[in-house]
Amino acid sequence: MSNSDEIKRIEELRDSLHRHNYNYYVLNAPEISDYDFDMLLKELERLEALHPECDDPTSPTRRVGSDISNSFEQVPHIYPMLSLANTYSVEEVDQWADRVRDGLSGQKVTVVGELKFDGTGISLIYEHGRLVRAVTRGDGEKGDDVTANVRTIRSIPLRLHGEGYPDFFEIRGEIVLPWASFDRLNAERESAGEALFANPRNAAAGTLKLQNSAEVARRGLDAYLYYLLGDNLPFDNHYDNMMAARSWGFKVSDAMTRLHDISEIDAYIRHWDTARKELPVATDGLVLKVDSLVQQLNLGFTAKSPRWAVAYKFKAERALTRLRFVSFDVGRMGIITPVANLEPVLLSGTVVKRASLHNADIMRTLGIHEGDMLYVEKGGEIIPKITGVDVDARPEGARPVEFVANCPACGTPLVRVEGEAAWVCPNKYGCPPQIIGRIEHFVGRRMMNIDGIGEETAAQLYEKGLVRNIADLYDLTPEKLLGLEGFARKSAERVVDGITASKDVPFERVVFALSIPYVGETTAKKIARTVRSLDRLMEMPAEQLEAIEDVGPRIAASIVEYFASPVNREVVERLKQAGIRTEMPEQENAGPVSDALAGKSVVISGVFARHSRDEYKAMIERHGGKNVGSISKKTDFVLAGENMGPAKLEKARSLGIPIISEDDILSMTGEE
């Protein structure tokens with residue numbers, strides 16, 4: 001065979017194998033035997049080895065993955081990946097449908113019903129019919145680039161077939177681990193003496209983050225796609241767009257159905273409440289979406305979720321099991337949490353051995369006695385909770401379980417938080433679980449992102465006297481770590497490298513990492529962007545702190561109290577000496593370069609020739625403007641590129657909102 005014939009054969013084989021993958025993994029209708037498929041794949045592997053110039057990341061041979069380790073780059077989402085509002089009854093769903101109808105002034109509304117798969121969310125980007133990027137949900141604004149691992153999932157097309165797909169679009173879905181794969185993996189782990197996976201959702205999420213894509217390929221992940229986004233979609237409604245996506249090669253659930261009124265919605269819920277138990281993958285509810293994209297735009301979003309969609313969570317499964325004993329956990333903020341330790345019971349596909357009792361008041365309300373038979377449910381089929389006691393089965397003479405008066409870890413008398421149900425150990429700087437918890441929080445991914453220090457390692461570091469507060473981390477060396485269980489030279493060096501790299505973590509994450517009571521991730525961002533430096537934050541009185549958005553009297557008082565502690569001030573000084581970021585960068589301090597767009601709300605839509613979307617967003621902010629995601633009466637103008645979405649165009653025109661071009665925005669900002 002000549003070179004040109006071999007190259008032609010490579011393309012023929014790729015096309016053929018893509019088609020057979022689709023038939024087998026999406027349609028479940030194979031046309032050839034596994035043996036014949038393997039022979040075609042081997043032929044392609046041989047020819048690709050002879051012709052490295054024909055390398056293609058979308059080749060079917062890439063499905064097997066690679067054993068080369070690589071870290072994950074964080075990538076911003078083109079459109080935020082928001083969560084959905086939850087409902088737990090048919091009545092709540094009906095109320096949502098009423099709100100939708102009212103929000104659309106009584107217009108006729110068609111709703112699309114879908115299964116809510118219990119896996120991990122994924123965003124797939126396609127250009128010219130080829131998969132170019134796969135990103136996890138992350139924090140909703142950005143996620144991990146897991147493209148190499150997603151390429152191994154055979155139900156996700158690397159190249160599209162059919163016609164009519166946009167040159168550029170995003171499709172979202174859920175990566176799942178089917179029950180059969182979950183059971184196989186747990187059987188393998190049990191025989192190897194390894195810890196079992198808790199449930200398919202956790203296993204899927206963990207698998208997607210493996211550094212070895214060959215192992216990802218082996219585990220057998222699957223994917224269902226459920227939402228198409230872009231500025232040039234083929235239809236003006238969700239359902240037809242998803243049917244088009246199915247024709248391009250995507251795995252779209254057969255459960256996706258158009259529903260035309262409340263009675264059909266209620267019937268759909270009743271059907272899947274039972275039928276879901278026969279599915280090959282785990283589900284935890286249903287999703288209902290307004291079908292019309294124009295109506296979706298008109299309904300818009302709340303701060304956290306779209307108004308045009310809602311999740312219905314299946315009723316929790318319930319089981320009865322015996323209480324072995326109640327233990328009391330100490331959190332990093334000193335809060336004492338009672339935990340029911342149970343005789344193992346199978347619930348929603350997982351074995352439950354522990355369930356939180358939350359606080360003393362809930363424990364007292366339940367009236368739990370030693371040896372009681374307890375009703376256990378899984379809230380949202382994820383978190384187990386105790387919902388009741390079978391009093392008739394109570395052992396004779398059983399004594400009530402009492403909440404502890406002293407910290408179970410350090411013996412300090414507990415104090416009650418004023419106005420709250422929580423009991424707290426006040427020994428903040430001498431109670432081991434609190435110290436270890438703060439260390440574990442500090443190194444976490446959304447904080448300082450120091451890899452290799454988990455709960456067990458944090459405990460080891462404390463118990464060996466190497467780390468007694470978070471500042472001690474920056475004194476660690478590979479030699480000190482080599483004395484700990486589980487550390488070899490390479491792993492010790494990796495941890496120290498991670499500690500060094502954490503010095504470049506943005507200031508807003510440093511504020512969150514400090515474990516200031518009541519200061520969560522979002523509040524930490526707002527504080528950091530307002531105060532600009534740690535030195536200023538340490539000296540601000542409560543009155544000034546309360547002027548910051550979302551900082552009320554309780555948070556302000558907590559911040560003042562935190563920095564009033566000599567122990568905390570010493571830790572912060574040592575962190576500063578270690579070189580962590582304690583202020584916002586100068587370019588961020590500088591603020592807008594002009595007020596050309598001051599107070600203007602801008603929507604960006606379409607594809608641009610001179611700058612990217614992100615560059616235009618940054619430009620708008622540099623000149624005092626604000627980027628918004630959807631068009632409303634408050635929008636000042638739309639920056640439109642090629643292929644602006646027809647729904648956005650129609651809404652902008654109907655509201656009389658000016659539409660400007662690239663040349664216009666460059667002229668307005670003076671950045672021509």
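This one's a predicted model, so the numbers in the text were calculated from it and none came from an experiment. The first residue of the sequence shown is numbered 1, and numbering continues consecutively from there. When reading the values below, keep in mind they use all heavy atoms of this one structure, side chains included, and skip hydrogens, waters and symmetry mates.
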side-chain contact (heavy atoms from CB on, under 4.5 Å) between T337 and S356, worked out
CA-CA 7 Å; T337 303; S356 173; 3.5 Å; yes

Rounded to the nearest 0.5 Å, what separates atom [atom1] in [X] from atom [atom2] in [Y]?
{"X": "R137", "Y": "H77", "atom1": "CZ", "atom2": "NE2", "value": "7.5 Å"}
{"X": "L514", "Y": "R438", "atom1": "CG", "atom2": "CZ", "value": "11.0 Å"}
{"X": "L481", "Y": "L461", "atom1": "CG", "atom2": "CG", "value": "6.5 Å"}
{"X": "S558", "Y": "M333", "atom1": "OG", "atom2": "CE", "value": "7.5 Å"}
{"X": "S515", "Y": "K428", "atom1": "OG", "atom2": "NZ", "value": "11.0 Å"}
{"X": "L534", "Y": "M538", "atom1": "CG", "atom2": "CE", "value": "6.0 Å"}

Please determine, by modelled atom types, if [X] and [Y] share a side-chain donor-acceptor pair under 3.5 angstrom.
{"X": "N341", "Y": "S327", "answer": "yes"}
{"X": "N568", "Y": "Y429", "answer": "yes"}
{"X": "S502", "Y": "Y474", "answer": "yes"}
{"X": "S533", "Y": "D535", "answer": "no"}
{"X": "R172", "Y": "S123", "answer": "no"}

Pair D118-R201, side-chain contact (heavy atoms from CB on, under 4.5 Å): steps then yes or no
CA-CA 6 Å; D118 197 11; R201 178 182 57 80; 3.0 Å; yes

Think [X] forms a cation-pi with [Y], using NZ or CZ under 6.0 Å from the six-ring centre and within 45 degrees of its axis?
{"X": "R581", "Y": "F507", "value": "no"}
{"X": "R468", "Y": "Y462", "value": "yes"}
{"X": "R446", "Y": "F512", "value": "no"}

Would a 4.5 Å heavy-atom cut-off, applied to side chains only, mark [X] and [Y] as touching?
{"X": "K142", "Y": "V135", "answer": "no"}
{"X": "T387", "Y": "R318", "answer": "yes"}
{"X": "Q434", "Y": "R332", "answer": "no"}
{"X": "E370", "Y": "V401", "answer": "yes"}
{"X": "P400", "Y": "I368", "answer": "no"}
{"X": "R322", "Y": "L374", "answer": "no"}
{"X": "I435", "Y": "N469", "answer": "no"}

Which residue in the set V510, L473, I499 passes side-chain contact (heavy atoms from CB on, under 4.5 Å) when paired with M448?
V510

Examine distances only and state if a side-chain atom of [X] and a backbone atom of [Y] form a donor-acceptor pair shorter than 3.5 Å.
{"X": "N149", "Y": "L210", "value": "yes"}
{"X": "S491", "Y": "F487", "value": "no"}
{"X": "D372", "Y": "H369", "value": "yes"}
{"X": "Y312", "Y": "E92", "value": "no"}
{"X": "E174", "Y": "T120", "value": "yes"}
{"X": "R307", "Y": "F301", "value": "yes"}
{"X": "S565", "Y": "V567", "value": "yes"}
{"X": "T523", "Y": "V519", "value": "no"}
{"X": "R276", "Y": "F314", "value": "no"}
{"X": "E570", "Y": "P566", "value": "no"}

Is the closest basic N to carboxylate O distance between [X] and [Y] below 4.0 Å?
{"X": "D504", "Y": "R509", "result": "no"}
{"X": "R532", "Y": "E583", "result": "no"}
{"X": "R364", "Y": "D361", "result": "yes"}
{"X": "R218", "Y": "E188", "result": "yes"}
{"X": "D144", "Y": "R445", "result": "yes"}
{"X": "R569", "Y": "E539", "result": "yes"}
{"X": "R574", "Y": "D475", "result": "yes"}

Name the orientation class of the two ring planes belonging to F328 and F403 (parallel below 30°, tilted from 30 to 60°, perpendicular beyond 60°).
perpendicular

Determine, stepwise, if the pair C407 / L414 fulfils side-chain contact (heavy atoms from CB on, under 4.5 Å).
CA-CA 6 Å; C407 175; L414 303 180; 4.0 Å; yes

Taking every non-hydrogen atom, the tightest pair across [X] and [Y]:
{"X": "V351", "Y": "P344", "answer": "CG1-CB, 3.8 Å"}
{"X": "A340", "Y": "L323", "answer": "CB-CD1, 3.9 Å"}
{"X": "A85", "Y": "S305", "answer": "N-CB, 3.8 Å"}
{"X": "L84", "Y": "P306", "answer": "CD2-CG, 3.8 Å"}
{"X": "P408", "Y": "V404", "answer": "CD-CG2, 4.5 Å"}
{"X": "R536", "Y": "V531", "answer": "CD-O, 3.4 Å"}

With a sphere of 6.0 Å drawn around [atom1] of [X], does it hold more than 12 non-hydrogen atoms of other residues, nucleotides or ligands?
{"X": "E561", "atom1": "CD", "value": "no"}
{"X": "E141", "atom1": "CD", "value": "no"}
{"X": "E479", "atom1": "CD", "value": "yes"}
{"X": "E573", "atom1": "CD", "value": "yes"}
{"X": "K503", "atom1": "NZ", "value": "yes"}
{"X": "K576", "atom1": "NZ", "value": "yes"}
{"X": "Q74", "atom1": "CD", "value": "yes"}

Which is it for R354 and D329 under the salt bridge (Lys or Arg N to Asp or Glu O under 4.0 Å) test, yes or no, and what are the steps along the way?
CA-CA 12 Å; R354 285 165 53 93; D329 291 352; 3.0 Å; yes

Trace of the side-chain contact (heavy atoms from CB on, under 4.5 Å) decision for V376 with K385
CA-CA 6 Å; V376 190; K385 60 183 178 181; over 6 Å; no

